[in-house]
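Working notes, structure below.
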2 protein chains.
Amino acid sequence: MNAPTENLTIGAFARTAGVNVETIRFYQRRGILRQPAKPYGGIRRYGAADVARLRFVKSAQYLGFNLDEIGDLLRLEDGTHCREASVLAELKLRSVREKLAGLARMETALSGLVKACHARKGNVSCPLIASLFRDARREVSMSRRRA
Amino acid sequence: MNAPTENLTIGAFARTAGVNVETIRFYQRRGILRQPAKPYGGIRRYGAADVARLRFVKSAQYLGFNLDEIGDLLRLEDGTHCREASVLAELKLRSVREKLAGLARMETALSGLVKACHARKGNVSCPLIASLFRDARREVSMSRRRA
DNA sequence: CTTACTTCCGTAGTCAACTACGGAGTCAAG
DNA sequence: CTTGACTCCGTAGTTGACTACGGAAGTAAG
């Protein structure tokens, strides 16, 4: 799995991806990032694929997935047999769609607020809570832990 | 701000919303949930609005917001003056839209995988990493902390 | 070669978000 | 009017995700 150009030291890798060196080592221990083979008495080198993978991890985190879930997503990325993959993918797809629905509702409520603000002035409020439940009762629910 | 029926004890409130009593008390200390006035030598009571608010908090968490950000969202819900509100709302709107874009990409990649699995059998992989960056470089980026 | 910076690796500390504990006060079924 | 469950409140412990520390070994500019 060695890409053409594996030229980055761990420090350069960390700077490129915008994280701390210790975070990379932590992800390696968690099995989220690989630990490239190190030449006898030498240093490990990283490439562009590692950077992309790490950026993906950070984005997925921003999208509300925890490290175990990100591990699942990466197993799909890395490729597994259809039988397990499709079960897992359907599960992840369900939670992605739940998140999409919830965020779409927030988007509506927030853009409504912004519009209302531009129109009148004074006090305004934003029916965010109502928006998340309106005519979609339970669509975005508490299926939180391990979707 | 007392709703018509404030009949729930903290325990019933917690069960209804599917959280731990201690979590409610923790949110009260954080200023995310109110602490209803308690009658002289009595007990606090909670109503449907409290339940909805708490469910909103849990949903927003699932959507990748932290408690500070959820505090911001609730300030919009509760209503503030347009000047501050619209600035805050535009910011939140931006991060909601970033999340929507990232999730939409994941959705495409995952449903592609599921479809591929139904078609052929054997090994399949899922270009999740590529999907998050393809023709949208930096759209979902590392603007993580405090959006 | 020296010297200053890195890497390597294991262990320990921090921060956010809970979760548990314990003792005093409150409530409600019998 | 007792008794068992629950509330209140402050403090302490846990979990997930990092972040820091320190000493031995690697690296690279002068």
Side-chain angles (χ1 to χ4, degrees), chain A residues 6-47 50 53-74 142 144-147, chain B residues 6-47 50 53-74 142 144-147:
Chain A
E6 303 270 276
N7 50 337
L8 301 173
T9 65
I10 196 172
F13 178 18
R15 273 189 301 280
T16 308
V19 307
N20 195 310
V21 168
E22 308 300 326
T23 304
I24 291 169
R25 296 187 27 70
F26 172 70
Y27 288 164
Q28 290 174 329
R29 267 176 265 134
R30 291 277 315 235
I32 283 173
L33 297 180
R34 73 190 179 112
Q35 197 165 44
K38 125 179 114 155
Y40 292 134
I43 242 175
R44 296 178 214 286
R45 298 285 170 164
Y46 302 82
D50 297 301
R53 190 179 180 92
L54 179 45
R55 287 207 173 120
F56 171 81
V57 171
K58 286 296 169 187
S59 298
Q61 234 169 7
Y62 176 64
L63 298 176
F65 295 96
N66 66 29
L67 292 182
D68 282 355
E69 292 166 333
I70 291 170
D72 289 346
L73 292 170
L74 289 171
M142 256 120 259
R144 188 153 354 292
R145 315 278 166 221
R146 317 264 50 245
Chain B
E6 302 270 278
N7 50 339
L8 300 172
T9 64
I10 197 172
F13 177 18
R15 271 188 303 281
T16 308
V19 307
N20 196 310
V21 168
E22 308 301 326
T23 304
I24 291 169
R25 294 187 26 70
F26 172 69
Y27 287 163
Q28 290 173 330
R29 267 175 266 135
R30 289 277 315 235
I32 282 174
L33 297 181
R34 74 190 179 112
Q35 196 163 46
K38 124 181 116 157
Y40 291 134
I43 240 175
R44 296 178 214 287
R45 298 283 170 166
Y46 302 83
D50 297 300
R53 191 178 178 92
L54 179 45
R55 286 206 172 120
F56 171 80
V57 171
K58 286 298 171 183
S59 298
Q61 234 170 5
Y62 175 64
L63 298 177
F65 295 96
N66 66 30
L67 292 182
D68 283 354
E69 292 167 333
I70 291 170
D72 289 345
L73 291 170
L74 288 170
M142 256 117 258
R144 187 155 358 294
R145 316 273 167 225
R146 317 262 55 240

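Letters go in sequence order (proteins before strands), and every chain restarts at 1.
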Separation of atom [atom1] in [X] from atom [atom2] in [N], rounded to whole Å:
{"X": "I43(A)", "N": "dA24(D)", "atom1": "CD1", "atom2": "P", "answer": "18 Å"}
{"X": "N7(B)", "N": "dA28(C)", "atom1": "CG", "atom2": "C1'", "answer": "17 Å"}
{"X": "N66(A)", "N": "dC18(C)", "atom1": "CG", "atom2": "P", "answer": "13 Å"}
{"X": "L33(B)", "N": "dC18(C)", "atom1": "CG", "atom2": "P", "answer": "11 Å"}
{"X": "R44(A)", "N": "dA25(D)", "atom1": "CZ", "atom2": "C1'", "answer": "13 Å"}
{"X": "R15(A)", "N": "dT6(C)", "atom1": "CZ", "atom2": "C1'", "answer": "10 Å"}

Look at the side-chain N and O atoms of [X] and state whether any lies under 4.0 Å from the OP1 or OP2 oxygen of [N].
{"X": "Q35(B)", "N": "dC8(D)", "value": "no"}
{"X": "R45(B)", "N": "dC6(D)", "value": "no"}
{"X": "K38(B)", "N": "dC9(D)", "value": "yes"}
{"X": "K58(A)", "N": "dC18(D)", "value": "yes"}

Can you give me the closest heavy-atom contact between A12(B) and T16(B), atom names plus distance?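 Nearest heavy atoms, A12(B) then T16(B): O-OG1, 2.6 Å.
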Does R53(B) use its side chain to pair, donor to acceptor, with the backbone of I32(B) at less than 3.5 Å?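 Yes, because the side chain of R53(B) sits within donor-acceptor range (under 3.5 Å) of the backbone of I32(B).
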Before giving the answer on side chain to side chain contact (heavy atoms under 4.5 Å, CB included), spell out for L67(A) and I70(A) the whole-Å C-alpha distance, their side-chain angles and the decisive distance to 0.1 Å. CA-CA 5 Å; L67(A) 292 182; I70(A) 291 170; 4.3 Å; yes
Kindly indicate, with the supporting measurements, whether the criterion side chain to side chain contact (heavy atoms under 4.5 Å, CB included) is fulfilled by R45(B) and T9(B). CA-CA 5 Å; R45(B) 298 283 170 166; T9(B) 64; 3.4 Å; yes
Please lay out, stage by stage, how L33(A) and D50(A) fare under the test side chain to side chain contact (heavy atoms under 4.5 Å, CB included). CA-CA 7 Å; L33(A) 297 180; D50(A) 297 301; 5.9 Å; no
Separation between CG of L74(A) and CZ of F56(A), rounded to the nearest 0.5 Å: 5.5 Å
Of L67(A) and Y40(A), the one whose nearest nucleotide on DNA chain D sits closer to the 5' end is L67(A)
Residue whose nearest DNA chain D nucleotide is more 5′ - G41(A) or N20(A): N20(A)
Is there a residue in residues 22-31 of chain A whose heavy atoms reach under 4.0 Å of DNA chain D, and which residues are they?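 Result for residues 22-31 of chain A: E22(A), T23(A), F26(A), Y27(A), R30(A), sorted by number.
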Pairs touching residues 21-31 of chain A that satisfy side-chain hydrogen bond (donor to acceptor under 3.5 Å, both in side chains), sequence neighbours left out: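 Passing the test, one end in residues 21-31 of chain A: Y27(A)-K58(A), Q28(A)-Y46(A), R30(A)-D68(A).
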